[in-house]
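Naming: A, B, ... by sequence-line order, numbering from 1 per chain.
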Amino acid sequence: MGCKVEANQEYDINLDLLNDVQKQIIQNTEKNLLVLAGAGTGKTSTVIGKITYYIQKGIVKPHEIIATTFTNKAAREMSVRLQAKLGSNANAIWIGTFHKLCILVLEKHAHLMNLKTPLQVLPYDDQLQVVRKLLKPYKNYKPSHVLEKIQRAKETEKTNSLDAVESTILRLYKKELETMGMLDFADLMTYTIQLWREYENVLLEYQNRFKLLCVDEYQDINESQYAWIKLLNNQNTQICCVGDPDQAIYSFRGANIKYILSFEETFNNTEIIPLEQNYRSTQNILTVANTLIEHNKRRIPKKLWTTNIQNIDVKVCATYNDKLETVSIAKEIIKIRQNDTKSSIAILVRTRAQFLNIEDSLSKEKIQYVVTGSVQFMDRAEIKDAISYARFLYNPSDKIAFTRMIQSPKRGIGEVILSRIFDDDLLDSNIENKMQKMLSTLSGKAKESINKLVNQLKHWRSLLKVESLQTVLKLVVQESGLYNSMSNEKQANLQNWFDSLSSFNCLQDYIEHLMWQNDSENINDNAVEIMTIHASKGLEFDYVFLPGWVSNIFPSSRSNNILQIEEERRLAYVAITRARENLTISYALQQGLFTSKPSMFLTELGPIKVQQFENKTQFAIGDLVQHQQLGYGNITEIGMQHAKVQFSYSSKIVEVKSLTKA
DNA sequence: ACTTATCATGTTTTT
DNA sequence: CATGATAAGT
């Protein structure tokens, strides 16, 4: 540290492709840096450049670098790019989300914290299910909302924001997780912080080890993440944080921009460097983004600029209803793909509920797509059922897995017997033992099926010691009767699941894999990517479609105060700045059965004329079509400028001019 | 008394 | 897809 270095040919460090500000960030080895990086200003390249530079110059060793990313996907991407530059040297760098890094730390010192390794993290859906069950008597509380509050309370160790009911739920929720032997996201953060606070020598080990700490998306860190960074940072460490206050979109998770705004007071010897030259988008897209974000009152002024001279208009399109909107987008994509098979295309939405319509429209046009964020395959009921067996075999205290397992296939065990099993012996969390102990109190069919399951579990568990995971789980799914209870289609899906198991050596490997399964890698390069705007953070695409810009969807109807509206506006800003060349925003005033108004953001984009999608589709006789006023029907005759349609509402055949395929 | 099948209904955003 | 209400089956 502190040594001045000049760019040197012999190390093959190519800084030529970078601008002066980026070089300054990379070569500043002395100060704690905050890079205020606007969207598309090459922040990832700069961080990668910095890490590469440090290693190749011998300023720090790979294992002395730690970098936090916002998602696992971003971590993987960064690893790949570093490997391309540094080869196996890159493997020693610690890269991951805060939670992933916490797991690395906690597994190493598990004995100090009284934790079982490997750590088992309860998936989000299951966390929600625990809360939902506990909230049964309290009808007025929303599980997702309470879970969020619980997580915040655990992370900040402050319970004053909880009311009496929520405090009770928190206590019971903690107990549930404890008996299952599982952790949630908040636990990962708090246990790590607790470990570092209580064991000074452990903290020193990490403080002395890491000489460069990079934090991505610094505008979206929360209180516990801030505490984590502060603990790890010492005189020995250079910290390089990258963020953009205009892209802060996670306040619902406790993120607070006060941390990025107070960087200078938090760390000493700091320098703040703005990065404003945009390499991603055309000037038209940037103008729209800049114009929109300037409507936020509470913000540090900043303007993205580019030397990119390409100028394609940003389009705002209106359609009659939401179905027509996604159909039109599908048609636009077909048109794009006619001459251009390479460009990346994305459809970004405010809520997951919008996925359904989009997937439907793309499927009908036979357009390949991938949905990121929700793993379609893993979300299938039959796959979850099968996985519940694997989970319970691994952890006989996993209540969630057990509940699912024992009811698929149906075994004549319902809610009543289930709660009798759980309440049998509160001191023993092993559900298999519980089952055995209460067998004598049962009779008939229930006794028979529980007895059978207990014996099968013993048998399967002994098989795991000698046979491959794939073989055993295949047998489990068959012997349990799960396979035969399924439809042909579901059986086919289970076959795919069997195939996926061949790459795992043991049950433990598979269970660990499940934890990080939630973001799948894209296999098909050409596929249109569908995701929420939140999930699109950090990504870029040649063509971006933004449907659903209506008042009840975007900004979300739940945003009441100015702060929430400003966050929604930042979300819109993130969405717009994902686009490289083509941006199409759209809205439909008819949303299903309800009518809506255009989004307030549409008037904040500057002077843009609202257009219609161009639909030059070929129709054929017999096609199912939709007319704006007349509804659905089938084509009976096609002319140059019209078509005759048999509509479903009447027996008459009507001649019409504008139609869309349904 | 207990379980299961079926239908309607409802969902911000996520590690 | 999961839940809750309701009806029907064991």
**Prompt:** Looking at the side chain of A/Arg352, which of B/dT11, C/dC1, B/dT14 is the nearest nucleotide?
**Reply:** B/dT14

**Message:** The side chain of A/Lys384 is closest to which nucleotide in this list: C/dC1, B/dT13, B/dT3?
**Reply:** C/dC1

**Asked** Which part of the nucleic acid, if any, lies within reach of A/Tyr250 when heavy atoms closer than 4.0 Å are counted: base, sugar-phosphate only, or nothing?
**Response** sugar-phosphate

**Request:** Counting heavy atoms from C-beta on, name the nucleotide in C/dA2, B/dT13, B/dT15 closest to the side chain of A/Tyr124.
**Result:** B/dT15

**Request:** Check every strand shown and say whether A/Lys142 touches a base, only sugar-phosphate, or nothing at a heavy-atom separation below 4.0 Å.
**Result:** sugar-phosphate

**Asked** Would you call A/Phe252 stacked on B/dT13, i.e. ring centres under 5.5 Å apart with the planes less than 30° off parallel?
**Response** yes

**Request:** Mind checking A/Arg411 for me? I need base, sugar-phosphate or nothing, with any heavy atom below 4.0 Å counting as a touch.
**Result:** sugar-phosphate

**Request:** Check every strand shown and say whether A/Ile417 touches a base, only sugar-phosphate, or nothing at a heavy-atom separation below 4.0 Å.
**Result:** sugar-phosphate

**Request:** Could you work out which one of B/dT14, C/dA2, B/dT3 sits closest to the side chain of A/Ala535?
**Result:** B/dT14

**Message:** Would A/Arg253 pass as a cation-pi partner of A/Tyr250, given that its NZ or CZ must be under 6.0 Å from the six-membered ring centre and within 45 degrees of the axis?
**Reply:** yes

**Prompt:** Given B/dT15, C/dA2, B/dT13, which nucleotide is nearest the side-chain atoms of A/Thr71?
**Reply:** B/dT15

**Asked** What string of B, S and - do you get for nucleotides 3-10 of chain C, 5' to 3', if B is base contact, S is sugar-phosphate-only contact and - is no contact with any protein heavy atom under 4.0 Å?
**Response** SS------

**Asked** Which part of the nucleic acid, if any, lies within contact of A/Ile249, taking any heavy atom under 4.0 Å across all strands shown: a base, the sugar-phosphate backbone alone, or nothing?
**Response** nothing

